[in-house]
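Below: one structure, written as structure tokens.
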Amino acid sequence: MSEEKTEEKPESPADDLVTTQHSITVKGRELNYTATAGRVVLREEVLKDGVFEGHKPKAEVFLTAYTLDGADPLKRPVTFAFNGGPGSASLWLHMGLLGPRRVLSGDVGNLTPPPYGIADNEESLLAESDLVFIDPVSTGFSRAAKGEKPGSYHGYQPDIDSVAEIIRLWTSRNGRWMSPKFICGESYGTLRAAGLAEHLQKKYGMYLNGLMLISSVLDFATLEFNEGHDLGYTLFLPTYAAIAHYHGLHGDRPLKEVLAEAEEFAVRDYPYALARGNRLSDVERAATIEKLARLTGLSEEYVDAVDLRIEHIRFFTELLRRDRRTVGRLDGRFTGWDKDYGREEISADPSIDAILGPYSATMNHYLHAELGYSNDLPYEILSRAIEQWSYKEFEGRHVTTAGKLSAAMRANPHLKVHVAFGWYDGATPYFAAEHLLAHLQIPKELTANIESAYYPAGHMMYVHEPSRIQQSEDLAAFVRNSSNT
């Protein structure tokens with residue numbers, strides 16, 4: 001008599017959240033809080049031939065949440081935060097600025113040596129808001145579910161969909177639909193945040209109180225250096241001038257004076273000179289070369305050789321070539337060495353080299369040793385799994401969520417926006433973001449909903465300690481003033 005074989009069903013993944021209790025003192029006030037770390041399973045409703053077949057696991061998304069014990073959920077704000085890339089985990093905002101513990105990495109000229117350090121963040125936004133840090137699929141410990149393709153999440157719309165679903169799930173499971181809600185994104189995370197603001201409104205009817213856009217880029221056209229497209233050259237100019245000033249190439253002139261001159265030239269004479277092409281007279285060209293060289297700290301010969309068009313990676317390679325040093329892209333205050341100094345482009349970003357080690361060590365230690373979350377997967381900080389990012393939704397046009405932010409603000413006139421700029425940010429230059437904000441399609445009365453903050457630092461302005469302290473105060477005030485409770 002033969003035994004009847006039964007087909008084994010594949011094991012379904014489950015949430016693996018770990019909860020721990022902590023306390024921190026912020027400005028003399030003791031905060032008792034709960035930390036929850038782990039992966040949440042994203043599921044998709046499956047319909048086959050019009051028949052519902054259940055919810056299929058699609059991905060496991062890692063998050064770290066902090067909630068203040070005993071707080072009123074109707075009044076207590078919650079902030080959902082992530083970094084950018086695309087392909088970056090959320091550890092930078094988590095351990096550098098917002099969370100209750102922070103990395104001790106040092107700064108330019110005084111970097112902390114391995115094994116680095118960790119300390120309480122006495123300026124944590126937790127004093128004003130609960131916090132949820134989200135690592136998009138393929139970053140941190142987040143992965144596609146078994147049998148699913150990671151690449152299906154590596155694109156603009158699926159990224160928006162998956163992060164929005166995590167926000168909805170966390171909000172529903174924790175009873176926070178009536179809480180004031182904020183999103184904080186950095187770099188590509190600002191483009192994601194603007195898209196989410198509209199997506200959450202349209203799909204779930206979830207209206208936000210505020211967006212915090214740190215080192216903002218909402219329109220890639222403002223950062224591009226393509227043939228026949230000159231806008232990027234003009235919008236990067238003030239940042240070049242700021243970095244040249246930091247490295248002593250403007251003498252004792254105040255930074256604000258240098259920036260004012262660079263900005264005026266960037267919106268008037270410089271676009272005119274580029275637009276004229278070979279119609280520019282010799283006298284006009286010579287005057288443009290002289291002005292560009294003086295503002296950027298580059299030689300007139302170099303400016304002439306690149307036909308008045310200074311591309312940003314070439315700038316970081318050229319500026320201090322005479323000193324055999326390179327300049328950081330994310331933070332122009334940092335300098336480094338290269339393998340030779342005849343190169344056209346730097347082989348590495350010295351500002352990334354300076355902070356990657358401290359943040360990696362601290363995050364891995366913190367999750368395992370303090371939050372009690374164990375996972376044998378590598379914590380992907382800057383994911384190598386994301387080789388290509390799909391922008392198929394923008395085929396035939398440049399990538400932008402400016403229109404989505406505008407639509408979200410028009411539909412929700414209570415939505416407030418805080419934008420943070422670093423003078424020395426060579427990845428998302430402040431003048432490009434200002435240009436974008438000035439062209440949002442919103443009525444004049446809604447422009448008062450946007451506030452700006454500037455810091456003498458780079459892309460991750462919180463690496464600079466005075467900027468970190470000031471930025472923490474600025475974000476705390478923004479949440480207080482925008483919560484409407």
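All heavy atoms count here, side chains included; hydrogens, waters and symmetry mates do not.
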Test your reading of the model: is there a side-chain donor-acceptor pair from [X] to the backbone of [Y], 3.5 Å cut-off?
| X | Y | value |
| --- | --- | --- |
| Ser406 | Leu440 | no |
| Asp135 | Ala89 | no |
| Thr317 | Ile346 | yes |
| Asn364 | Ser360 | yes |

Between [atom1] of [X] and [atom2] of [Y], what distance do you get to the nearest 0.5 Å?
| X | Y | atom1 | atom2 | result |
| --- | --- | --- | --- | --- |
| Thr112 | Ile355 | OG1 | CD1 | 12.5 Å |
| Ile214 | Leu97 | CD1 | CG | 5.5 Å |
| Asp107 | Phe334 | CG | CZ | 5.0 Å |
| Leu63 | Ser142 | CG | OG | 8.0 Å |
| Ile442 | Lys444 | CD1 | NZ | 12.0 Å |

* Asked: Who are the salt bridge (Lys or Arg N to Asp or Glu O under 4.0 Å) partners of Asp353, not counting sequence neighbours?
  ->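 Applying salt bridge (Lys or Arg N to Asp or Glu O under 4.0 Å) to Asp353 gives none.
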* Applying salt bridge (Lys or Arg N to Asp or Glu O under 4.0 Å), name anything that partners Glu263, two or more places apart in sequence or on another chain. =>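 Checked Glu263 against salt bridge (Lys or Arg N to Asp or Glu O under 4.0 Å); zero matches.
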Could you check whether any side-chain heavy atom of [X] comes within less than 4.5 Å of a side-chain heavy atom of [Y], counting everything from C-beta outward?
| X | Y | answer |
| --- | --- | --- |
| Cys184 | Leu98 | yes |
| Glu44 | His55 | no |
| Leu405 | Leu211 | yes |
| Ile167 | Ile134 | yes |
| Pro358 | Met363 | no |
| Trp170 | Val40 | no |
| Met212 | Glu186 | no |
| Asn83 | Ser90 | yes |

* Sequence-distant partners of Ser187, side chain to side chain contact (heavy atoms under 4.5 Å, CB included), two or more places apart ->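 Only Thr428, His459 meet the side chain to side chain contact (heavy atoms under 4.5 Å, CB included) criterion with Ser187.
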Heavy atoms only: give me the nearest [X]-[Y] pair and the separation to one decimal.
| X | Y | result |
| --- | --- | --- |
| Met95 | Thr362 | CE-CG2, 3.6 Å |
| Val327 | Gly332 | CG1-O, 3.5 Å |
| Thr400 | Phe394 | O-CE2, 3.2 Å |
| Ala432 | Leu223 | CB-CD2, 4.2 Å |
| Leu446 | Met409 | CD1-O, 3.5 Å |
| Glu198 | Ala407 | OE2-CB, 4.0 Å |

Does [X] have any side chain to side chain donor-acceptor pair (under 3.5 Å) partners at least two apart in sequence or in another chain, and if so, which?
| X | value |
| --- | --- |
| Tyr454 | Glu434 |
| Tyr246 | none |
| His464 | Ser467 |
| Ser138 | His154 |

* Give the intermediate values and the outcome of ring-ring contact (aromatic ring centres under 6.0 Å, His included) for residues Trp423 and Tyr430. => CA-CA 7 Å; Trp423 295 127; Tyr430 79 91; 4.9 Å; yes
Between [X] and [Y], is the ring centre distance below 6.0 Å?
| X | Y | answer |
| --- | --- | --- |
| Tyr359 | Trp92 | yes |
| Phe236 | His312 | yes |
| Phe225 | Tyr233 | yes |
| Phe182 | Phe80 | no |

* May I ask you to check whether Ser172 and Trp177 show a side-chain donor-acceptor distance below 3.5 Å? =>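 Checked: Ser172/Trp177 side chains pair up, N/O donor to acceptor below 3.5 Å.
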Partners passing ring-ring contact (aromatic ring centres under 6.0 Å, His included) against [X] (at least two apart in sequence or in another chain):
| X | value |
| --- | --- |
| Phe62 | Phe141, Tyr373 |
| His229 | none |
| Tyr204 | none |

So that I can tick it off, tell me whether [Y] and [X] are bridged by a salt bridge, with the cut-off set at under 4.0 angstrom between side-chain N and carboxylate O.
| X | Y | answer |
| --- | --- | --- |
| Asp161 | Lys203 | no |
| Asp15 | Arg173 | yes |
| Lys58 | Glu148 | yes |

* Stepwise side-chain hydrogen bond (donor to acceptor under 3.5 Å, both in side chains) test for Asp159 and Tyr188 -> CA-CA 11 Å; Asp159 174 73; Tyr188 180 86; 4.7 Å; no
* For Asn174 and Thr67, run side-chain hydrogen bond (donor to acceptor under 3.5 Å, both in side chains): C-alpha distance rounded to whole Å, both residues' side-chain angles, the deciding distance at 0.1 Å, then the answer. => CA-CA 10 Å; Asn174 291 274; Thr67 54; over 6 Å; no
* Yes or no on ring-ring contact (aromatic ring centres under 6.0 Å, His included) for Tyr156 and Tyr391, after CA distance, side-chain angles and deciding distance? -> CA-CA 6 Å; Tyr156 169 78; Tyr391 295 106; 7.4 Å; no
* Gln21, CD: over 12 other non-hydrogen atoms inside 6.0 angstrom ->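 Yes, the 6.0 Å shell around CD holds more than 12 heavy atoms from other groups.
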* To do: For ring-ring contact (aromatic ring centres under 6.0 Å, His included), just list the numbers for His398 and Phe220, CA-CA rounded to whole Å, side-chain angles, deciding distance to a tenth of an Å, and then say yes or no.
  => CA-CA 6 Å; His398 55 265; Phe220 283 4; 9.3 Å; no
* May I have the step-by-step check of ring-ring contact (aromatic ring centres under 6.0 Å, His included) for Phe133 and Phe82, ending in yes or no? => CA-CA 6 Å; Phe133 296 95; Phe82 38 73; over 10 Å; no
* Of all pairs that satisfy side-chain hydrogen bond (donor to acceptor under 3.5 Å, both in side chains), the ones with a partner from residues 118-131, not counting sequence neighbours ->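 Listed by first then second residue: Arg76-Asp130, Thr79-Ser129, Arg101-Asp120, Asn121-Arg468, Glu123-Arg468, Glu128-Arg480, Asp130-Arg176.
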* To do: Can you tell me which residue pairs pass the side-chain hydrogen bond (donor to acceptor under 3.5 Å, both in side chains) test with a partner in residues 409-422, sequence neighbours excluded?
  =>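 Non-adjacent pairs meeting side-chain hydrogen bond (donor to acceptor under 3.5 Å, both in side chains): His418-Glu451.
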* Asked: Between His439 and His435, what is the ring plane arrangement, given parallel below 30°, perpendicular above 60°, and tilted in between?
  ->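 Tilted.
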